[in-house]
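Below: one structure, written as structure tokens.
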Amino acid sequence: MSHSRLMLGMIVLGVTVCLSPGWALLSQRLKGRFQRDRKNIRPNIILIYTDDQDVELGSLEAMNKTRRIMEQGGAHFTNAFVTTPMCCPSRSSMLTGKYVHNHNTYTNNENCSSTSWQVTHEQRTFAVHLNNTGYRTAFFGKYLNEYNGSYIPPGWREWVGLIKNSRFYNYTLNRNGVKEKHGFDYSKDYLTDLITNDSINYFKLSKKVYPHRPVMMLISHAAPHGPEDSAPQFSKLFPNASQHITPSYNYAPNPDKHWIMRYTGPMKPIHMEFTNMLQRKRLQTLMSVDDS
């Protein structure tokens, strides 16, 4: 692509030195075309969310395909932090680039997809800005915890938004303004696969119809958030998962930590078995994301 840009620039420069009116007119046309094409030489952007995935608990270790593509083929931020590790506040920050005290979404309920959010902050998300510069924007999956599906957020040309919180089955989508209910049939309802296939189809169609327009897609998975429903082919994996058993596992009480930790005692065996089961199920849901 860089060679074609360089060659086009040389043609324009060569033509502009000609004094013929005809060549001058051609020069202006080529210059305009070059400027239009240069605007369209922009990267496609695919942003992928997972829901409540914690790298500290070793979940990324099980996602071999993801690691191969994104770690070995790109950049890996080893010293990155989330300012507010809670679902709706973090999603609001990702969309706006603002800290929580600026977009005022403090919890998963308080100001999450509220009228104030919609009027003040949702009008200025990165989708709005990219859409205004010519990107073909598309959203697939979970948006905000309290999104009720009554509208399409500004900036998105294609919209397939999950209504309310994370689900894998028995959910409702807002598909470009039309509510679409889904049941419990894996082949057509499993959310991870559905939004993966929708995003692929959208990308292919966009490039076919608008080959010079860049695409920005946000694919927002429910995994590994509860209810942790895995695809059937992955439901028996990781029987001995132990990535979550870190040096701090079941270390309690913690008198120098957050007040909840100060007053929380050690887990009983039944609680420990529950954490083991939860880790297995979370990893199983992430296998579909890894395939995605």
Side-chain angles (χ1 to χ4, degrees), residues 48-68 70-71 76-94 99-100 105-110 112 141-142 144-146 162 164-170 190-192 220-292:
I48 301 172
Y49 285 3
T50 55
D51 197 355
D52 283 358
Q53 183 176 3
D54 191 334
V55 176
E56 290 297 319
L57 297 183
S59 58
L60 198 60
E61 296 174 10
M63 302 176 72
N64 294 325
K65 298 174 184 177
T66 302
R67 291 176 60 191
R68 182 171 64 250
M70 294 191 173
E71 288 186 7
H76 182 206
F77 295 92
T78 59
N79 198 32
F81 300 91
V82 176
T83 62
T84 309
M86 188 179 293
C87 197
C88 202
S90 281
R91 289 170 180 269
S92 301
S93 291
M94 288 289 289
Y99 286 108
V100 167
T105 301
Y106 293 102
T107 70
N108 290 339
N109 306 107
E110 183 183 357
C112 181
K142 178 180 174 179
L144 299 173
N145 299 49
E146 294 298 319
L162 177 67
K164 294 294 184 174
N165 208 351
S166 291
R167 301 286 291 273
F168 296 86
Y169 296 106
N170 297 320
Y190 192 64
L191 182 67
T192 306
S220 181
H221 293 292
H225 194 286
E228 302 99 13
D229 293 324
S230 68
Q233 66 268 30
F234 300 129
S235 62
K236 303 299 182 182
L237 296 182
F238 310 109
N240 301 311
S242 60
Q243 297 95 330
H244 61 298
I245 302 178
T246 65
S248 63
Y249 179 78
N250 205 25
Y251 184 86
N254 293 268
D256 61 334
K257 297 297 189 296
H258 186 278
W259 71 268
I260 293 179
M261 301 301 295
R262 291 200 300 267
Y263 293 99
T264 300
M267 290 185 287
K268 297 179 180 179
I270 189 173
H271 300 144
M272 296 173 70
E273 178 54 35
F274 176 78
T275 66
N276 295 339
M277 178 197 69
L278 188 62
Q279 177 72 357
R280 289 195 299 270
K281 291 174 70 67
R282 286 169 60 86
L283 293 178
Q284 290 163 5
T285 66
L286 285 171
M287 290 300 93
S288 293
V289 178
D290 201 39
D291 277 353
S292 172

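Basis for what follows: all heavy atoms, side chains included, without hydrogens, waters or symmetry-related copies.
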So do [Y] and [X] actually touch side chain to side chain, heavy atoms under 4.5 Å?
X	Y	answer
P227	F168	yes
Q53	M63	yes
Y49	M94	yes
T285	E228	yes
E61	Q243	yes
K65	D291	yes
T84	S93	no
F274	M267	no

[X] to [Y] - nearest heavy-atom pair and separation:
X	Y	value
Q284	S235	NE2-O, 3.3 Å
I48	H221	CG2-CD2, 3.9 Å
N64	D290	N-OD2, 3.4 Å
Y251	P253	CE2-O, 4.2 Å
M287	A62	CE-O, 3.2 Å

What's the separation between atom [atom1] in [X] and atom [atom2] in [Y], rounded to the nearest 0.5 Å?
X	Y	atom1	atom2	result
S288	L191	OG	CG	10.5 Å
I270	T275	CD1	OG1	11.5 Å
N108	E146	CG	CD	8.0 Å
S92	M86	OG	CE	12.0 Å
N145	R91	CG	CZ	6.5 Å
D52	L57	CG	CG	11.0 Å

More than 12 non-hydrogen atoms from neighbouring residues, nucleotides or ligands closer than 6.0 Å to CD1 on I260, yes or no?
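Counting other residues, nucleotides and ligands, CD1 of I260 exceeds 12 neighbours.
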Might you confirm whether atom CE of M277 has over 12 heavy atoms from other residues, nucleotides or ligands at distances under 6.0 Å?
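Above 12, so yes.
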Please evaluate residues H225 and T50 with respect to the criterion side-chain contact (heavy atoms from CB on, under 4.5 Å), reporting the C-alpha separation (whole Å), side-chain torsions for both, the decisive distance (0.1 Å), and the verdict.
CA-CA 8 Å; H225 194 286; T50 55; over 6 Å; no
Please tell me whether Y249 and H244 form a close aromatic pair, meaning their ring centres lie under 6.0 Å apart.
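Yes; H244 has its ring centre under 6.0 Å from that of Y249.
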Before you tell me yes or no, could you show the steps for T107 and C112 under side-chain contact (heavy atoms from CB on, under 4.5 Å), namely the whole-Å CA-CA distance, both residues' side-chain angles and the distance that decides it to 0.1 Å?
CA-CA 7 Å; T107 70; C112 181; over 6 Å; no
Check against side-chain contact (heavy atoms from CB on, under 4.5 Å), L283 and S59:
CA-CA 6 Å; L283 293 178; S59 58; 3.9 Å; yes
Test side-chain contact (heavy atoms from CB on, under 4.5 Å) on N254 and R262 and set out the steps.
CA-CA 5 Å; N254 293 268; R262 291 200 300 267; 5.7 Å; no
For residues 278-287, pull every pair meeting salt bridge (Lys or Arg N to Asp or Glu O under 4.0 Å), keeping only residues two or more places apart or in separate chains.
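Non-adjacent pairs meeting salt bridge (Lys or Arg N to Asp or Glu O under 4.0 Å): E273-R280.
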Parallel, tilted or perpendicular for Y190 and Y169, by the 30°/60° rule?
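Judged by the thresholds at 30° and 60°, the geometry between Y190 and Y169 is tilted.
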